[in-house]
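To start, the structure itself, in structure tokens.
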Amino acid sequence: MSKEEKDTKITINEKEEEEYQRSCMRKISRIVVLLLIGLLATCYYIFVVELCIFTVQLLEAKVTFLVIFHLLFLLCVWCYLRTVMTPPAVPPEKFRPSESDKQLYLSDERPQVLQEILIRMAKDLHIKKAVRYCTTCHVIKPDRCHHCPVCNVCILKLDHHCGFLNNCVGFSNYKFFLLAVMYGVLLCIFTSAVSLYCSILFWTHQLPNSPSKVPIIVLFSLTTFFAIMLFRLFLDHFELALRNITDREDSDNTEEFNPYNLGFSKNLREVFGNEKKYWFLPIFSSLGDGFSFPMGEATMDIEKNAAIAAKPPSESNSQLLEVKTTQKS
């Protein structure tokens, strides 16, 4: 066997190993999602049946607890499902080079020549930072775009890949992710407080011992633990949103200056949009197109730089082109 054939065989084996690892990670993530849904269903049963129906005696208290719980529960589940089921936004077709350009790039190995080829291919793409090329997806990466090794695709404004979602968190679903964590915190705090109240009544013998006592204490322990964990997660990501930086950028960034920081108000509007009526609902309202971003100290407002409000990525892209055409004319 020649050296070239050996190298080819090694490359094929490496690709098969990578694909096998990705497949295993995706299967594990699906199991985690199912376990999480099962845990939510269990907590729902304990709170509604064991606590509200079997334990709480006052009708007014039952109704109040059930209304608040179901409001938070439905919002949390709605946001979670939107985060899980929303496909990650990928670079549009204009970032995919022609076949001749791709072959030219892959046929050379000199870094300086490769960079010159990339710069020529990206001259009309308005990339403000370093021009990068993904040899797996065969696309020129827009600013803030990264390749996810689990999903095996380039994601616009990639924040992170979440095993609890079996999905990437990026431009298309970052708002849904933040809302899911926020409503998860509120749901856990409320459930923990009510179950603690009932547990104290059991311990002080103001309620008679019943089979519901143990499930309610277990519910208090679980929701308290998840309230603490989710609260820390929410604080971390809300702080990143305030600075207009992704988790990936925060981990990799070696620069002291964040070029995308527009100030707290504009940074939050990039995620939640301009219309406040959509802020707390899992409806896409983020500003921009996912591949071009206003920079700090910009002379124009964020709405003029990258804002198409309350539209999904596919619709905002077409409207952004119309806006630019109008401005030119």
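In this structure, His237 and Phe177 have perpendicular ring planes: the angle between them is above 60°, well past the 30° mark. Classification of the Tyr44-Phe73 ring pair by plane angle, with boundaries at 30° and 60°, yields tilted. The aromatic rings of Phe47 and Phe190 sit tilted, their planes meeting at an angle between 30° and 60°. Between Tyr105 and Tyr133, the ring planes lie tilted relative to each other; the angle falls in the 30° to 60° range.
No donor-acceptor distance shorter than 3.5 angstrom exists from the side chain of Asp250 to the backbone of Thr246, with no hydrogens or angles considered. Between the side chain of Asn173 and the backbone N or O of Cys168, at least one donor-acceptor pair lies under 3.5 Å. Counting only distance, with no hydrogens or angles, the side chain of Ser292 and the backbone of Gly288 share no donor-acceptor pair below 3.5 Å. Judged by distance alone, the side chain of Thr55 and the main-chain N or O of Cys52 form no donor-acceptor pair under 3.5 Å. At distances below 3.5 Å, not a single donor-acceptor pair connects side-chain atoms of Lys102 with backbone N or O atoms of His138. Formation of a donor-acceptor pair under 3.5 Å by the Arg82 side chain with backbone atoms of Phe176 is not found in this model. With hydrogens and angles disregarded, no donor-acceptor distance shorter than 3.5 Å links the side chain of Trp78 to the backbone of Pro282. A donor-acceptor pair is defined here as one N or O able to donate and one able to accept, closer than 3.5 Å; no such pair exists between the side chain of Thr86 and the backbone of Thr83. Judged purely by atom type and a 3.5 angstrom limit, Lys175 uses its side chain to pair as donor or acceptor with the backbone of Ile283. Using modelled atom types, one side-chain atom of Ser195 and one backbone atom of Ser192 make a donor-acceptor pair closer than 3.5 Å.
In this structure, the side chains of Glu270 and Tyr174 stay at 4.5 Å or more apart for every pair of heavy atoms. Proximity of Ile127 to Lys141: side-chain heavy atoms (C-beta onward) are nowhere separated by under 4.5 Å. For the pair Phe65/Thr191, no side-chain contact is recorded, criterion being any heavy-atom separation below 4.5 Å from C-beta on. Residues Val56 and Leu51 meet the side-chain proximity criterion, which asks for heavy atoms closer than 4.5 Å.
Within the model, atoms CG of Leu186 and CG of Leu75 stand 9.5 Å from one another, a figure rounded to the nearest 0.5 Å. Here SG of Cys198 is found 10.5 Å from CD1 of Ile217. Values are rounded to the nearest 0.5 Å. The OG atom of Ser107 lies 8.5 Å from the CG atom of Leu114; values are rounded to the nearest 0.5 Å. Leu201 CG to Leu196 CG: the interatomic distance, rounded to the nearest 0.5 Å, is 9.5 Å. The line from CZ of Arg110 to CD of Glu116 is 9.0 Å long, rounded to the nearest 0.5 Å. Put simply, CE on Met182 and CG on Leu187 are 12.0 Å apart, with the number rounded to the nearest 0.5 Å.
The side-chain contact (heavy atoms from CB on, under 4.5 Å) search around Ile46 returns Thr42, Glu50, Pro215, Leu219, not counting sequence neighbours.
Of all non-hydrogen atoms in Met121 and Ile140, the two that sit nearest each other are CB-CD1, 3.6 Å. Closest approach of Phe171 to Ala89, counting heavy atoms only: CD2-CB, 4.4 Å. Summarising the geometry of Cys137 relative to Arg96, their closest heavy-atom pair is O-NH1, 2.9 Å, with the distance given to 0.1 Å. Residues Tyr260 and Asn267 come closest through the heavy atom pair O-OD1, 3.7 Å. Residue Ser172 comes nearest to Phe284 through the heavy atom pair O-CD1, 3.6 Å, listed as atom of the first residue, atom of the second, then distance. Closest non-hydrogen pair, Arg132 versus Pro142, comes out as NH2-O, 2.8 Å.
Put simply, Leu178 and Met229 are part of two different groups of oily side chains (I, L, V, M, F, W, Y) that touch within less than 4.5 Å, one to the next. Leu71 is connected to Val194 through a chain of hydrophobic side-chain contacts under 4.5 Å among Ile, Leu, Val, Met, Phe, Trp and Tyr, so both are in one cluster. Grouping the Ile, Leu, Val, Met, Phe, Trp and Tyr side chains by contacts below 4.5 angstrom, directly or via other members, places Leu36 with Val77. No single ILVMFWY cluster, assembled from side-chain heavy atoms under 4.5 Å apart, contains both Trp203 and Val218. Hydrophobic cluster membership differs between Val63 and Ile68, with clusters built from Ile, Leu, Val, Met, Phe, Trp and Tyr side chains linked at under 4.5 angstrom.
Contact check on Asp236 versus Arg232 returns no salt bridge, with no Lys/Arg side-chain nitrogen under 4.0 Å from an Asp/Glu carboxylate oxygen. Classification of Asp101 and Arg120 as a salt-bridged pair holds, one side-chain N sitting under 4.0 Å from a carboxylate O.
More than 12 heavy atoms of other shown residues, nucleotides or ligands fall within 6.0 angstrom of atom CD in Gln103. Under a cut-off of 6.0 angstrom, the local environment of CD in Gln206 is crowded, with over 12 non-hydrogen atoms contributed by other residues, nucleotides or ligands.
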**OP:** Test Leu222 against Leu39 for side chain to side chain contact (heavy atoms under 4.5 Å, CB included), laying out the working first.
**Re:** CA-CA 10 Å; Leu222 284 174; Leu39 183 62; 4.1 Å; yes
**OP:** Could you check Arg269 against Asn274 for side chain to side chain donor-acceptor pair (under 3.5 Å), going step by step and ending with a plain yes or no?
**Re:** CA-CA 6 Å; Arg269 282 156 57 199; Asn274 287 326; 3.2 Å; yes
**OP:** Dump the intermediate steps for side chain to side chain contact (heavy atoms under 4.5 Å, CB included) on Phe202 and Ser210, then the final yes or no.
**Re:** CA-CA 9 Å; Phe202 278 121; Ser210 70; 3.9 Å; yes
Original post:
Can you list the steps and then say if Leu179 with Phe272 is a side chain to side chain contact (heavy atoms under 4.5 Å, CB included)?
Top reply: CA-CA 10 Å; Leu179 290 178; Phe272 293 100; 4.1 Å; yes
**OP:** Show your working on side chain to side chain contact (heavy atoms under 4.5 Å, CB included) between Tyr183 and Tyr80 and close with a plain yes or no.
**Re:** CA-CA 9 Å; Tyr183 286 126; Tyr80 177 77; over 6 Å; no
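The side chain to side chain donor-acceptor pair (under 3.5 Å) analysis of residues 20-34, with sequence neighbours excluded, yields the pairs Glu17-Gln21, Glu19-Arg22, Glu19-Arg26.
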Please report, to 0.1 Å, the donor-acceptor pairs under 3.5 Å made by any side chain of residues 145-165, with sequence neighbours excluded.
residue : atom : partner : partner atom : Å
His147  : NE2  : Asn152  : OD1          : 3.2
Asp159  : OD1  : Asp247  : N            : 2.9

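Side-chain contact of Asn244 with Asn258: a donor-acceptor pair under 3.5 Å is absent, judged by distance alone.
In this structure, the ring of Phe234 has its center less than 6.0 angstrom from the ring center of Phe238.
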